[in-house]
Amino acid sequence: MSIVIRMGDIYESVMELAKRRGFVWPTSECYGAVAGFVDYGPLGAMMKRNVENLWRRFYVIREGYYEIECPTVGSESIYIASGHVKGFADKMCQCPQCREYLRADHVAEAHGTNGAACLSAEDLAALLHGLPCPACGELLENPAVFDFNLMFETSIGPGSQRKGYLRPETAQGIFTDFNRLVRFYRNRLPFGAVQIGKSYRNEISPRQGMIRLREFTQAEAEIFVHPDQKEHPNFSAYADYAMPLLGIEQQQKSTPSILVTMKDAVAQGLVANEYVAYYLALTHDLLLRAGVDAEKLRFRQHLPDERAHYAEDCWDAEIFSERFGWVETVGIADRTDYDLRAHAKESGESFTVFIPFDEVRYETRRRIVADMGVLGPQYRGRAKRIADALAVATPGNEGAEVTIDGETIFIPKSLYREVEEQVEIRGIEVRPHVIEPSYGIDRMLYAVLEHSYAEEMVEGEVRKVLRLPPDIAPVQVAVFPLMNRDGLDEIALSITGILAERAILAQYDDSGAIGRRYRRQDEIGTPFAVTVDYDTREDGTVTVRDRDTMRQVRLPIGDLPETLASLIAGTLRFDQL
RNA sequence: GCAUCGAUGGUCUAGUGGCAUGACUUUGGCCUUCCAAGCCAAUAGCCCGGGUUCAAUUCCCGGUCGAUGCACCA
């Protein structure tokens, strides 16, 4: 019936369509676009929201991880704790000869300077002067050393007293709200929270359109689990879910990915635990549901040298793009307690959950109780500190030694007594581990557009069509009068209204020949089109046309809301009509 | 950020130191009983800034954006 034709540069075609039909535009074109930023046009914004809502259906509604919303501007302390201020600011310089960018501290380290990363830019520049460029060998002359941090910096309030950063990921907001979240979830593990929102990274050289943006949308879930209980309570839902995994071993031996069930992947130790496996499967499920081509999706495990030192296991969902190759779109990591520990250290708060024991436990503890009646007058200001030090000291036969301000003081036995007491232990403070699935929504959206895009020959004409899942498509239904007269238009308009009341986004169009109107909708991926013709006036039926097959069936107008709603939800297939 | 190449209505494109092509799209009208039909009309463009010149969309310089290579990508 139709032949799919070979396409040239699919990226060009997809982006041309996306621009022309209002999916994605270069930002602020009237002043000259800025690389790394895009505007979502009317259809793009609609489609993006549909993708986000699909994500919410999986993570918020199904998993029960509630969504929070934090500021995109955060104070410096957050990112000092997270490691972004230090870990993301590299001292760099450029070789004046070959123009190679160099990590200034690396060059200095290579020539025998230890701890070069901690030196100031001036000191580093002085050190580098006269050293050979590792790229071209020319001697560096007074190289300009500058900080490059991928975070956008800003100041909070007038006079720029307080430094702030645009968040480089949404995750930190969930971590900084941890203690509130623990109470919200009534002190029980596991629990999770999610956030969908903008993040910012001042990429040195953003290329590749929507793939590498300076402002982008992330959907992140942080799932807090007991460190010793990494069995997902609902693991059975995905235990038998089979999908191809490209583990470390497969990559090192250059063998293809292996098809395994999640149950086996965990049993074989390929995936670290049930939680990670569960979200690998859920992500696979979600991406296919969003319109990603299963053949162009793989899950790749981070190699030991690319995995962060604290991560127990880390996988990327990579989506194949004709233009960009394999693109990391989702990261799924077991981050252990790294983030919570870092914030606990920086903020001084605990970042733990109190887990009660099933039964109260009793422990016998020895404690040293100072005789403050004597210690107080004798040591005055230092008495309290001495008593505290005594409490944890290990006394000898004659007495105990404590060290205060570097001075070792001997406290004779007579000034304290050792008591043995029974303590009730009702539970312990546990610092949860974090399982983090992190999605790049813009990349996902681009991948869905690219994978959905098709050109085919229909009766000598090229038909461009986006085969988007019905609930991802920006517009769900188009409504046409066959002729723009004889009352057909009024009927079509009233159908549009009826569908709107059922919260179905229907677009009315009476302009131009009917075939042209079908093509217009094909191009933006509208899955269904309702046409009012002369039979409608006789028997109250209309045709419903399926985008992918271009087949039509007649239905009574009264059935439309229910039938279309089921078709869009995917509970009914068109070929079942 | 460096190097090379490019930028003409919404889209694709012709062309030029002197009134800027054509097609498609869009809008209006006529026509039209289901897949970009036809006819008439309309709307709409030389990326931005500076220089050379009587005159610059065209030549020169700088910038922006895009493509490619290098570098970067916790």
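Each chain gets a letter, A, B and so on, in the order its sequence line appears, and its residues count up from 1.
Between A:E12 and A:E169, the residue whose closest nucleotide on RNA chain B is further toward the 5' end is A:E12. Residues A:R545 and A:R20 each lie close to RNA chain B; by heavy-atom proximity, the contact nearer the 5' end of the strand is made by A:R20.
Nearest nucleotide to the A:R323 side chain, out of B:rC65, B:rC35, B:rA67: B:rA67. When distances run from any side-chain atom of A:R201 to the nucleotides B:rC35, B:rC65, B:rA74, the shortest one goes to B:rA74. With B:rC65, B:rC34, B:rC12 as the choices, the nucleotide that has an atom nearest any side-chain atom of A:E16 turns out to be B:rC12. Nearest nucleotide to the A:L482 side chain, out of B:rG66, B:rU26, B:rU33: B:rU33. Side-chain proximity of A:R554 to the nucleotides B:rC73, B:rC34, B:rC35 is greatest for B:rC34. Which of B:rC65, B:rC35, B:rA74 sits closest to the side chain of A:V34 comes down to B:rC65. With B:rC72, B:rC65, B:rA36 as the candidates, the nucleotide lying closest to the side chain of A:R212 is B:rC72. Of the candidate nucleotides B:rA36, B:rC34, B:rC65, B:rA36 has the atom lying nearest to any side-chain atom of A:E523.
B:rU13 and B:rU8: their C1' atoms are spaced 9 Å apart (whole Å). Rounded to the nearest Å, the gap between the P atom of B:rC65 and that of B:rG29 is 43 Å. Distance noted for atom C1' between B:rU53 and B:rC61: 16 Å (whole Å). The same atom, P, is picked in B:rA74 and in B:rU4; the two are 29 Å apart, to the nearest Å. Across B:rG17 and B:rC46, the matching C1' atoms stand 14 Å from one another, rounded to whole Å. Rounded to whole Å, the P atom of B:rG15 lies 14 Å from the corresponding atom of B:rG22. For the C1' atom pair drawn from B:rC5 and B:rC54, the interatomic distance equals 34 Å after rounding to whole Å. Spacing of P atoms, B:rG45 relative to B:rA20, comes out at 12 Å, to the nearest Å.
In this structure, B:rG69 forms a base pair with B:rC2, meeting either the Watson-Crick or the G-U wobble geometry with both donor-acceptor distances under 3.5 Å. With a cut-off of 3.5 Å on both pairing distances, the Watson-Crick or G-U wobble partner of B:rA41 is B:rU27. Remark: B:rA36 base-pairs with no nucleotide; criterion is Watson-Crick or G-U wobble with both hydrogen-bond distances under 3.5 Å. Nucleotide B:rC54: paired with B:rG18 (Watson-Crick or G-U wobble, both distances less than 3.5 Å). Look at B:rU64: its Watson-Crick or wobble partner, with both distances under 3.5 angstrom, is B:rA7.
Atom-to-atom, OH of A:Y518 to P of B:rA37 comes out at 14 Å; the value is rounded to the nearest Å. Note: CH2 (A:W25) to P (B:rG66) measures 18 Å, nearest angstrom. The interatomic distance linking A:Y31 (OH) with B:rG49 (P) rounds to 13 Å, in whole Å. A:M15 places its CE atom 13 Å from the C1' atom of B:rA67, with the value rounded to the nearest Å. The separation between A:Q521 atom CD and B:rC35 atom P is 17 Å, rounded to whole Å. Computed from coordinates, the A:R485 CZ to B:rG29 C1' distance equals 14 Å when rounded to whole Å. A:D548 places its CG atom 19 Å from the P atom of B:rC35, with the value rounded to the nearest Å. What separates NZ of A:K464 from C1' of B:rU25 is a distance of 11 Å, to the nearest Å.
The phosphate of B:rU27 has OP1 or OP2 within less than 4.0 Å of a side-chain N or O from A:S511. Taking 4.0 angstrom as the limit, A:R547 places none of its side-chain polar atoms (N or O) nearer than this to OP1 or OP2 of B:rC35. Side-chain N/O atoms of A:Y11 include one lying less than 4.0 angstrom from OP1 or OP2 on B:rA67. Phosphate proximity of B:rU25 to A:R516: present, with a side-chain N or O under 4.0 Å from OP1 or OP2.
A salt bridge is defined here as a Lys NZ or Arg NE, NH1 or NH2 lying under 4.0 Å from an Asp or Glu carboxylate O, and A:E523 with A:R20 meets this definition. The pair A:R307-A:D334 does not meet the salt-bridge criterion, since no charged nitrogen lies less than 4.0 angstrom from a carboxylate oxygen. The pair A:E490-A:R485 does not meet the salt-bridge criterion, since no charged nitrogen lies less than 4.0 angstrom from a carboxylate oxygen. Under a 4.0 Å N-O distance rule, the pair A:R520/A:D509 qualifies as a salt bridge.
Base orientation of B:rC12: anti (glycosidic angle beyond 90° from 0).
Judged by distance alone with a 3.5 Å cut-off, no donor-acceptor contact links the side chain of A:E203 to the base of B:rC73.
Paired with A:Q195 under the rule side chain to side chain donor-acceptor pair (under 3.5 Å), one option of A:R167, A:Q218, A:Q172 passes, and it is A:R167.
At the heavy-atom level, A:R517 lies nowhere under 4.0 Å from the strands shown. Counting non-hydrogen atoms under 4.0 angstrom, A:E29 reaches nothing in the nucleic acid.
In this structure, A:F320 has its ring center under 6.0 Å from that of A:W326.
Of the N and O atoms on the side chains of A:E312 and A:T336, not one donor lies less than 3.5 Å from an acceptor on the other residue.
A:F574 has its side chain out of reach of A:D548: every pair of non-hydrogen atoms, C-beta onward, lies at least 4.5 Å apart.
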